[in-house]
Amino acid sequence: MKYTGDKMFYRKTARIAVPIIIQNGFTFLVNFVDNIMVGSLGQKRCPALPLSIWCSAIL
């Protein structure tokens, strides 16, 4: 693989990117579990789920 910059740049970028990737994975898992929990409550409460996910994404 041909680098377009020095290796130190890629190491610094990876140090920033890896925690962000892990945090996004945790956010996905929490939203997935929320979907499962709210889905067990019934169909009348399910339409409010996207609103709660949207609010948690803003915060």
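Residue numbers count from 1 along this sequence. Since we're looking at a predicted model, the values are computed, not measured.
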Exercise. Provide the closest heavy-atom pair for A14 versus P19 in the form atom of the first, atom of the second, distance.
Key: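 Answer, listing the atom of A14 first, then P19: O-CD, 4.3 Å.
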Exercise. If you link ILVMFWY side chains whenever their heavy atoms are less than 4.5 Å apart, which other residues fall into the same cluster as I21? By chain and number, please.
Key: none
Practice problem: Kindly give the cluster partners of F26, where membership spreads through any ILVMFWY side chain lying under 4.5 Å from a current member. | Solution: V18, I22
Self-check item: T13: partners by side-chain contact (heavy atoms from CB on, under 4.5 Å), with sequence neighbours left out
Solution: F9
Quiz item: What pairs with I20 under side-chain contact (heavy atoms from CB on, under 4.5 Å), at least two apart in sequence or on another chain?
Solution: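 Counting only residues at least two positions away or on another chain, I20 forms a side-chain contact (heavy atoms from CB on, under 4.5 Å) with I16, N24.
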